[in-house]
Amino acid sequence: MFLFRFIFCSILFILITATNAAAYIGLCCAHCGGNMPLNIMGGGIPETHEYRFKISEMYMSMDSLRDGTDEKNYSDYGPSTARDKYRGVPKSMDSYMTMLGGAYSFTDNFAGMIMGGYVRNTMEMTTTAGDYDMFSQGLTDTKLIGKYRLYHDDNLAPTKQLSAVAGVAVPTGRITIKNTNHPTGTMRGKLLPFGMQPGSGTWDPIFGLTYQKAADPFWMGANFMTTQRWWLNDQDYKKGSEYTLDLYVMRQFNEKALASFQLNGKAWGDYSDQPKAGKENGDCHAMLNSTKDWMTPLCDPTNYGGVNLHATMGVQFQPAPLHVAELNLSIPLYQNLKGPQMQSDFMLRLTYYLEVPTKKSRRYKGFSAPKQLGF
Amino acid sequence: MKRIIFYFWLFASTTFLFLGANSAKAHQESFKAMGVVQPRNELPAPNFTLQNSNGNSVSLSDFKGKAVLLNFWATWCVPCKKELPSMQKLYEALKLDGVEVIAISIDRDKQKRIHQYINDYKLTFPVLLDPSQKVRKDYFILGLPTSYLIGADGKLKGFISGEREWDSTASKKLFSTLVQ
């Protein structure tokens with residue numbers, strides 16, 4: 001929570017101190033060919049010597065279970081004390097995430113970014129002891145990223161650009177959130193399953209490659225990103241590595257608005273092991289005994305990972321210069337999950353984006369006159 | 001008699017210097033008011049030949065002897081679009097005084113939309129097309145809109161980065177000093 005407040009206060013501070021610099025904006029600068037949907041990580045590079053801040057509210061609905069590509073009903077797995085069944089089974093999940101991001105371009109080709117979030121998860125559970133809502137909330141991991149433009153065919157209005165991304169996910173999200181709502185008193189205060197923990201607990205390197213193409217009134221591109229999980233966390237496990245590939249096309253249909261369509265592919269691995277608390281205290285095991293079966297499919301580290309493909313439709317709107325709003329709806333096209341695990345139903349995301357020129361920005365001071373022509 | 005001639009000469013030269021200084025000051029002020037960067041060395045504006053929206057060839061040298069506002073723009077540039085009507089008003093107000101406006105579109109393939117802009121804004125000044133970006137590069141254009149002021153002698157007199165109100169009093173004053 002401290003970090004979230006810190007990021008929020010820092011953004012507020014920069015906004016207040018940068019207000020004087022936001023004086024002049026009647027200029028198109030060097031990233032005209034680089035428009036990207038705002039939900040794609042690393043999308044939206046600020047103009048040189050400018051800040052960009054992003055606040056995004058996302059709602060994700062997950063409904064019923066899936067094993068491989070087969071949709072399953074929760075009653076296939078319990079709740080039951082019988083063998084091969086689980087004492088608790090998830091029915092649905094609602095996840096709200098507030099994301100804050102800031103970026104600054106140091107040069108035409110290099111920008112630094114920070115992104116963090118606060119998530120609130122509610123999972124509807126049915127158990128042998130009765131139904132209840134499993135709940136967790138907290139900061140997600142914070143991503144620090146640098147994006148470097150490797151190639152562009154034109155600085156003012158590039159038609160082709162290639163950028164590399166490198167960064168790190170800082171383990172600001174917790175991995176030890178406890179169950180507070182379980183109908184059985186002895187289960188309260190025990191570690192929640194992996195999927196309900198907002199963090200990874202590890203410092204994870206991030207790498208990516210972005211290709212952008214512009215052919216007015218279209219923008220299109222591909223964005224590949226991977227978060228590698230190489231080290232164990234304090235609970236002696238690691239989350240699976242993630243790979244995402246986003247393909248997008250955007251069309252400007254109005255001076256102030258554009259529509260986008262995306263295909264978002266994701267592959268991610270399962271967890272390497274159960275948490276230390278599970279081995280030592282039997283958290284997440286039946287009867288709190290580590291030799292017994294898992295309480296729910298969510299506790300099994302191998303019931304994670306998979307491949308999915310979402311289609312995303314979006315509208316981006318510029319209500320005023322320096323302000324951008326975007327609304328996106330994602331629906332799953334394909335899901336192959338190592339399961340059983342909760343399957344994605346739909347995702348809705350509203351993003352607001354603010355550009356803040358500094359006094360060093362070209363939109364504040366204009367471009368320099370060329371020496372070659374006698375200036 | 002000699003003394004009278006001397007005093008007359010002294011008065012005339014002081015008046016001339018005073019008026020000259022005032023004119024230079026007014027010149028400087030009008031440039032400053034419009035945010036014009038003046039050259040350290042006045043070099044000839046690079047000549048070019050481009051097609052206009054009707055397919056006819058137009059060269060910068062065709063306008064020798066006139067003060068020229070040379071403007072670079074694109075249909076995707078919102079600030080550019082905003083200043084087009086004021087450029088038309090400036091053109092209408094000062095074309096008889098020897099001021100010419102030339103707008104060069106750097107769009108790669110937007111002839112239809114450029115035509116639409118010309119019709120929508122009723123532009124009567126020459127709008128030239130630079131789809132290959134050659135002239136844009138000769139003029140070192142890194143942001144849009146960018147404009148150059150070219151004197152009647154064909155030399156570059158000023159550089160302007162960003163959108164301006166070209167029909168403002170300050171702008172008209174600027175061009176009136178340029179044609180003098």
Side-chain angles (χ1 to χ4, degrees), chain A residues 23-35 47-50 107-109 152-160 213-219 250-258 317-324 355 357 361-375, chain B residues 31 34-46 70 72-83 86 105-110 112-114 117 130-133 136-151 155-166:
Chain A
Y24 178 68
I25 51 167
L27 191 66
C28 286
C29 301
H31 290 108
C32 300
N35 207 347
E47 295 289 351
T48 309
H49 299 304
E50 292 189 10
T107 68
D108 279 355
N109 295 325
H152 60 280
D153 61 350
D154 183 14
N155 203 45
L156 171 59
T159 61
K160 291 172 197 154
K213 187 168 166 53
D216 186 28
F218 290 98
W219 289 273
M250 306 172 85
R251 188 188 194 284
Q252 187 155 11
F253 60 87
N254 178 284
E255 191 180 278
K256 291 183 174 178
L258 50 89
F317 175 62
Q318 189 174 28
L322 306 177
H323 299 258
V324 179
E355 301 173 306
S361 160
R362 289 168 185 144
R363 286 201 279 189
Y364 181 75
K365 60 177 188 173
F367 277 85
S368 301
K371 287 177 187 165
Q372 296 90 332
L373 294 179
F375 291 91
Chain B
F31 272 62
M34 287 299 287
V36 179
V37 179
Q38 289 180 267
R40 284 173 296 144
N41 304 312
E42 288 188 2
L43 300 181
L70 181 65
F72 288 85
W73 70 290
T75 55
W76 44 261
C77 165
V78 176
C80 300
K81 197 176 154 184
K82 276 189 187 168
E83 69 173 1
S86 69
S105 159
I106 68 157
D107 287 278
R108 289 187 170 95
D109 53 358
K110 287 281 160 246
K112 203 174 164 187
R113 205 189 292 179
I114 294 165
Y117 275 42
D130 184 25
S132 67
Q133 320 282 300
R136 184 199 123 197
K137 283 172 187 165
D138 287 348
Y139 278 84
F140 302 92
I141 304 298
L142 298 171
L144 291 181
T146 295
S147 302
Y148 283 92
L149 303 180
I150 300 169
K155 288 184 175 173
L156 292 166
K157 306 288 181 188
F159 170 90
I160 303 107
S161 175
E163 174 196 343
R164 296 289 189 276
E165 279 184 39
W166 291 110

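Everything numeric in this text was worked out from a predicted model, so none of it was measured. Chain naming here is simple, since letters A, B, ... match the order of the sequence lines and numbering starts at 1 in each. Only this structure's heavy atoms are used, side chains among them; waters, hydrogens and symmetry mates stay out.
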* How far apart are the C-alpha atoms of B:Trp166 and B:Ile160, what are their side-chain angles, what is the distance that settles it, and do they pass the side-chain contact (heavy atoms from CB on, under 4.5 Å) test? -> CA-CA 11 Å; B:Trp166 291 110; B:Ile160 303 107; 3.8 Å; yes
Heavy-atom contact with chain A under 4.5 Å, split by part of [X]:
X	answer
B:Pro44	neither
B:Tyr139	both
B:Gln133	side chain
B:Lys155	neither
B:Thr146	neither
B:Ile141	both

* Can you check side-chain contact (heavy atoms from CB on, under 4.5 Å) on B:Val36 and B:Lys157, steps first, answer last? -> CA-CA 9 Å; B:Val36 179; B:Lys157 306 288 181 188; over 6 Å; no
* What closest approach, in Å, do B:Ile114 and B:Ser105 show between heavy atoms, and which atom pair accounts for it? ->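 Closest approach of B:Ile114 to B:Ser105: CD1-OG, 3.2 Å.
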* **Aromatic ring pairing A:Phe375/B:Tyr148, orientation class (parallel under 30°, perpendicular over 60°, tilted between)** =>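 Rings of A:Phe375 and B:Tyr148: tilted, 30 to 60°.
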* So does B:Lys137 pair up with A:Asp154, basic N to acidic O under 4.0 Å? ->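 Salt bridge between B:Lys137 and A:Asp154, a charged N being under 4.0 Å from a carboxylate O: no.
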